Amino acid sequence: MKTEKPAGTAEPRASPASDQGQRVFEGLAVSPGVAIGTAYVRESGDLQVVEYQVAAGKIEAEVQRFQEAVARSQRQVGKLQSKAKRIHGTAAEELGFLLEAHIQMLKSTSLIGGIKRRIESDCCNAEAAVMAEIGEVAKNFAAMDDAYLRSRGQEVREVGLRIVRNLIRTTYSSFGHLAPGSIVIAEEITPADTALMDPQQIAGFASVLGGAESHTAIMARSLGLPAVIGVTGLIGGINTGDTVIIDGSGGRIIVEPTAKCLSEYEAEQRALARETKSLTRLRDVAAVTRDGVEVVLQANLELPREVGQAMAVGAQGVGLLRTEFMFMNREDLPGEDEQYQALAEIVTGMAGRPVTVRTLDIGGEKISSALGEHMVESLNPALGLRAIRLSLRERKLLDAQLAAMLRAGAHGPLRILLPMISTVSEVQDVRQAMVATAKRLRRRGVEIADPLPPLGVMIEIPGAALAADALANVADFFAIGSNDLTMYTLAIDRGEEQVAHLYNPLHPAVLRLIQFSIQAALRARIPISVCGEIAGDPRFTALILGLGVRELSMTVNALPRVKNRILGLDMQAATRRAEVIMDQYDSGRIAALLDDFNELGVGGL
Ligand code: PEP
Ligand code: MG
């Protein structure tokens, strides 16, 4: 977590400050640490396009899918345009012309209309139609005498490939071919891309697009990959093969660093490694405050391979298992058996410590190509058919997940968590589905969790926080998702770099909703935890605990530092400070009160 910088203060800036060839770029510091390596600038080529015939009755839907991809491409280029305006000099002008040309092509009736006609007349899939059309247009350009016009062929290709990427949604191929120590530089890195990054091979990454609390940022933190995102001027400023430093805490990217700069960062890397090593000593130490209050610390898991790390840092369970990993980077849906195998392995790996499995939270910025026909892109994906809404509409999807969870629950303690709940009836519907699934499995003689797992609710929509009393009547536990709660309360897209500076969990409105939910849970005597990113940032620990929470779930890498913070904390003082903070109406004052309190704190080690 970005402990050195308060959330949302990183201002993306294009500052290719030069020092003997050294160039520096700045962006959002989203995943701490220092990575030093060789740049791999991901280009837009190399797409694997499959061709297939589309049945006559489905042509209209295929054209619709194509149009959605075009609209998405227009939005992406529009965003790049507004970022380009903030770069100075001739590079900005050139980039501006280029992007304007791309926008025009995306609106052009000859290109877009040509592709549409191909889908309709050849009855082929949209990807194949795009490739055929851009192939032909590029060929025509290549045959022209004028060098400028010839070069436009390449632009048509770029635009076409962008549309195809948006059709396929699995943006690019894997990173398997990269040499160890590579640093990935790209226009956009999706959560699905990040899931393919092996930390043994990828040292860190940086991208032009993305916000601080996007799932890509969360995945980077959980993989321990230093990352900076929302960086203006990145593409074109770095070449594959350049030496690059990613300063994931300071939000800086240094290209071709001077010898002095390199040795300073190498020293910082060594210091961080020493600190991390010293914190491993805390593995078996209970998270107890100086005045004797015990706090339960659990892990948020994105990928099954993190189970070993969770055990290694002494996590007392899994407070949030995001099941999206099973649906990413594939074209088909995982069946009940496959999901059961994956979950059972995690439950077994956690050796008797509870595992909280969340039902699918796809939608919004988390896209899955596997869900294909089940998901139609909405104009406002964050407010659309997301998470539990999708599960309740696609009952087969929900039933398969519930069955897999119930079966995995036979191997150890398991809880089921529901994302994006807004009403009581959604919880009741899922409970009914769970009971029906359990009956069906028992009839088949399949071993399942007994008693049935507790059913919990994510409090991550302002309406859910305000109706927490009602939800506490139907839920067995609450988990506060501060990431979405902040986003929906402040109307700030967590994945949008342009408004990242406004994303602030310390806004009094967000804190009041958190406090309201905690009080409802305490009154109803149901467990409550915080599993949003603030749980893993020692900056927020005193405040969350001061508000009455005794369970935190966070990315594995953050756990030792949060535990260290708890060991140095006086709960009574934290509670008093939380009371003072809750009387404030200015988030700047709240931040100052919290930071002052933290500075007085005594470290645990
Ligand atoms: C949250 O919204 O705070 C949360 C934990 O869920 P996710 O980040 O997966 O949306
Ligand atoms: Mg959420």
Side-chain angles (χ1 to χ4, degrees), residues 1-5 9-43 83 87 91 175 178-189 193-194 197-210 212 214 216-217 219-277 497 500 557-558 561:
M1 227 12 234
K2 44 191 189 316
T3 52
E4 291 80 356
K5 275 183 180 226
T9 56
E11 262 295 316
R13 231 189 318 148
S15 55
S18 205
D19 183 357
Q20 301 161 26
Q22 170 176 302
R23 303 182 299 285
V24 181
F25 298 88
E26 294 191 2
L28 299 166
V30 298
S31 183
V34 172
I36 302 174
T38 309
Y40 163 67
V41 182
R42 199 170 60 171
E43 304 288 352
K83 285 186 85 72
I87 314 175
F175 303 103
L178 298 184
S182 295
I183 290 182
V184 178
I185 308 288
E187 178 185 305
E188 185 173 14
I189 292 176
D193 285 333
T194 325
M197 290 185 184
D198 176 357
Q200 303 294 332
Q201 193 177 22
I202 307 292
F205 67 82
S207 66
V208 182
L209 303 175
S214 61
T216 298
M219 295 280 284
R221 291 196 277 273
S222 78
L223 292 171
L225 290 177
V228 180
I229 65 182
V231 191
T232 310
L234 193 60
I235 303 291
I238 305 182
N239 298 311
T240 294
D242 284 352
T243 299
V244 172
I245 299 172
I246 301 276
D247 173 356
S249 310
R252 310 178 92 214
I253 298 149
I254 300 107
V255 186
E256 294 298 324
T258 59
K260 181 168 173 284
C261 174
L262 194 60
S263 78
E264 278 168 9
Y265 271 107
E266 280 167 349
E268 192 175 329
Q269 236 181 359
R270 286 193 296 273
L272 281 169
R274 276 196 303 276
E275 191 195 348
T276 304
K277 192 157 174 242
E497 68 285 353
N557 292 314
R561 284 182 176 82

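The residues of the chain are indexed from 1 along the displayed sequence. In this text, all values refer to a predicted model and were calculated from it rather than measured experimentally.
Looking at N557, its side chain does come within 3.5 Å of a backbone N or O of S222 through a donor-acceptor pair. Although no hydrogens or angles enter the test, the distance criterion places a donor-acceptor pair under 3.5 Å between the side chain of R42 and the main chain of E188. Between the side chain of S249 and the backbone N or O of G33, at least one donor-acceptor pair lies under 3.5 Å. One N or O on the side chain of T240 and one on the backbone of V41 form a donor-acceptor pair closer than 3.5 Å. Between the side chain of R221 and the main chain of V30, a donor-acceptor pair closer than 3.5 Å is present. For the pair S31 (side chain) and L225 (backbone), a donor-acceptor distance under 3.5 Å is present. Within the 3.5 Å criterion, the main-chain N or O of Q200 finds a donor-acceptor partner in the side chain of D198.
Considering every non-hydrogen atom in both V231 and E26, the closest pair reads CG1-O, 3.6 Å. When every heavy atom of L223 is checked against every heavy atom of T194, the shortest pair comes out as CD1-O, 3.5 Å. Minimum interatomic distance between G37 and I183 (heavy atoms only, all atoms of both residues): N-CD1, 3.4 Å. I36 approaches Q269 most closely through the heavy-atom pair CD1-OE1, 3.6 Å. Q201 and F175 get closest at one heavy-atom pair: NE2-O, 3.5 Å. Scanning both residues, G248 and A29, for their nearest heavy atoms gives O-CB, 3.4 Å.
Looking at heavy atoms from C-beta onward, I185 lies in side-chain contact with L234 at the 4.5 angstrom threshold. Between I202 and Y40, every side-chain heavy-atom pair lies at or beyond the 4.5 Å cut-off. Considering only heavy atoms from C-beta on, E256 stays 4.5 Å or farther from L262 through its side chain. No side-chain heavy atom of V228 sits under 4.5 Å from any side-chain heavy atom of R252. A 4.5 Å side-chain heavy-atom check between F205 and D193 finds every atom pair outside the cut-off.
Residues that satisfy the salt bridge (charged side-chain N to carboxylate O under 4.0 Å, His left out) test with E264, not counting sequence neighbours, are K260.
Atom CE of residue M219 and atom CE of residue M197 lie 9.5 Å apart, to the nearest 0.5 angstrom. One distance of note links OG of S263 with CD of E268; it measures 12.0 Å at 0.5 Å rounding.
A side chain to side chain contact (heavy atoms under 4.5 Å, CB included) with I253 is found for exactly one of V244, D247, I245, namely V244.
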